[in-house]
J.: 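Below you will find the structure I want to go over with you.
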Number of protein chains: 2
Amino acid sequence: MKKKKSELLTEVELEFMNELWAIGEGTVRDVLDRLPDDRDLAYTSGATILRILEQKDFVTSRKEGKTLVYTPTLAKDIYQTRSLKDLSMKLFDDTPATLVARLVDDETLTEEALGQIRALVDRRLKNDGG
Amino acid sequence: MKKKKSELLTEVELEFMNELWAIGEGTVRDVLDRLPDDRDLAYTSGATILRILEQKDFVTSRKEGKTLVYTPTLAKDIYQTRSLKDLSMKLFDDTPATLVARLVDDETLTEEALGQIRALVDRRLKNDGG
DNA sequence: TTTGGAAAACGAAAAGCTTAGTATTTACTC
DNA sequence: GAGTAAATACTAAGCTTTTCGTTTTCCAAA
């Protein structure tokens with residue numbers, strides 16, 4: 001039986017994917033330039049991470065002139081769903097309501113955010129109902 | 001300047017904390033016994049993990065007879081909030097509404113779960129409003 | 001009070017993640 | 001085509017996490 005792969009990104013990989021998702025596609029240099037100033041990675045480190053991401057099939061690359069341009073193969077929202085599912089399973093007994101409970105407990109949540117959340121749930125309930 | 005600690009548990013640490021949270025407190029043996037059958041860890045591995053958890057201040061221990069009984073120092077709901085915050089920051093641009101959007105997108109979500117979620121949000125909105 | 005069995009303490013091997021150095025390739029310029 | 005500047009490929013060092021073996025400690029029962 002094959003060993004279960006986690007299908008989840010490591011911390012650094014996620015850091016890079018976030019930039020690629022934001023810009024659609026980009027080179028090693030593009031991504032590095034977008035990272036915070038205090039994050040100084042060697043160019044080669046960035047290249048390694050993108051190479052690994054390609055190995056893991058999270059991105060593809062095509063050659064453009066002499067440089068590689070990387071493109072995500074997985075949409076951000078899909079990955080978001082996957083991550084949430086994982087967290088829900090591991091920490092919330094697979095009970096989404098508990099997860100939302102913790103979320104809305106948060107003192108710092110604005111009324112506006114709460115309103116948006118409610119609208120989302122309502123819309124979904126209506127679509128299901130009829 | 002001190003390096004930022006993540007304050008988050010590793011995969012295995014979380015596995016153990018979940019059992020401690022479920023039973024309130026317990027020994028190495030107690031926790032190991034609760035893990036799934038296909039998860040066979042040596043006794044010493046379990047002991048190591050709990051020792052590390054104590055080092056990181058997620059649990060305390062007291063001696064009872066010859067064995068150590070471990071107790072969480074951090075409530076599960078606090079840790080849930082912390083984890084969600086972390087995920088939200090790293091993957092949802094710190095926008096809780098987006099997070100909920102992904103959650104309610106989930107096809108497999110039952111109507112009941114959706115209702116519970118809505119009730120939670122409503123209650124919170126009412127409490128705030130007056 | 002000796003001893004046998006279970007647990008704790010310690011240390012360290014194994015595996016995985018992060019970072020980067022060196023060597024090689026590439027495309028462009030003269 | 002030789003020089004050169006920038007990018008890629010390859011490799012590995014240094015951490016952290018995961019796992020467990022060995023030694024030490026402790027209790028309980030003979």
J.: Side chain of B/T48: nearest nucleotide among D/dT19, C/dA20, C/dA7?
T.: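 Nearest to the side-chain atoms of B/T48, counting from C-beta on, is D/dT19.
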
J.: How close or far is atom C1' of C/dC10 from atom CD of B/E54, stated in whole angstroms?
T.: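 In whole Å, C/dC10 C1' and B/E54 CD are 15 Å from each other.
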
J.: Between P on D/dT18 and CD1 on B/I49, what's the gap in Å once rounded to a whole number?
T.: 8 Å

J.: Could you state the atom-to-atom distance from CD1 of A/I52 to C1' of D/dA9 in whole Å?
T.: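 To the nearest whole Å, that distance equals 13 Å.
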
J.: Is B/E11 touching bases, backbone alone, or none of the nucleic acid, heavy atoms closer than 4.0 Å?
T.: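 Counting heavy atoms under 4.0 Å across all strands, the contact made by B/E11 is with sugar-phosphate only.
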
J.: Mapping A/S45 and B/K63 onto DNA chain C by nearest heavy atom, which one lands closer to the 5' end?
T.: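 That would be B/K63.
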
J.: Does the distance from a Lys or Arg side-chain N to an Asp or Glu carboxylate O, for B/K90 and B/D86, drop under 4.0 Å?
T.: yes

J.: Is B/A42 touching bases, backbone alone, or none of the nucleic acid, heavy atoms closer than 4.0 Å?
T.: sugar-phosphate

J.: Grab the CD-P distance between B/Q55 and D/dT16 for me, whole Å please.
T.: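 Rounding to the nearest Å, CD of B/Q55 and P of D/dT16 are 13 Å apart.
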
J.: Do A/L84 and B/F92 make a side-chain contact, defined as non-hydrogen atoms from C-beta onward lying under 4.5 Å apart?
T.: yes

J.: Given atom CZ of A/R39 and atom C1' of C/dT19, what is their separation to the nearest angstrom?
T.: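 Taking atom C1' of C/dT19 as the reference, CZ of A/R39 is at 9 Å.
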
J.: Rounded to the nearest Å, what distance is computed from the CG atom of residue A/L50 to the P atom of nucleotide D/dA7?
T.: 13 Å

J.: Determine the interplanar angle of the B/W21 and B/Y79 rings, folded into 0 to 90°, and report it as parallel if under 30°, tilted if 30 to 60°, perpendicular if over 60°.
T.: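 The arrangement is tilted - the two ring planes meet at 30° to 60°.
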
J.: Among residues 27-38 of chain A, which contact DNA chain C at a heavy-atom distance under 4.0 Å?
T.: none

J.: Is A/L109 close to B/P96 at the side-chain level, that is, under 4.5 Å between some pair of heavy atoms?
T.: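 Side chain of B/P96 against side chain of A/L109, heavy atoms only: contact under 4.5 Å found.
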
J.: Which is more 5' along DNA chain C, the nucleotide nearest A/G65 or the one nearest A/L41? Just name the residue.
T.: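 Going by which nucleotide is closer to the 5' end, it is A/L41.
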
J.: Are B/L41 and B/R39 close enough that some pair of their side-chain heavy atoms sits under 4.5 Å apart?
T.: yes

J.: Tell me: CG of B/L68 to P of D/dC26, nearest whole Å?
T.: 11 Å

J.: Atom CZ of A/F16 to atom P of C/dT18: distance rounded to whole Å?
T.: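 Distance check: A/F16 CZ to C/dT18 P gives 11 Å.
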
J.: Under 4.0 Å between a side-chain nitrogen and a carboxylate oxygen: does that hold for A/K56 and A/E13?
T.: yes

J.: For B/T10, report the nucleic acid contact type (base, sugar-phosphate, nothing); a contact means any heavy atom under 4.0 Å.
T.: sugar-phosphate

J.: Counting the atoms with a prime plus P, OP1 and OP2 as sugar-phosphate, which does B/T44 contact under 4.0 Å by heavy atoms, base, sugar-phosphate, or nothing?
T.: base

J.: So does A/D106 pair up with B/K85, basic N to acidic O under 4.0 Å?
T.: yes

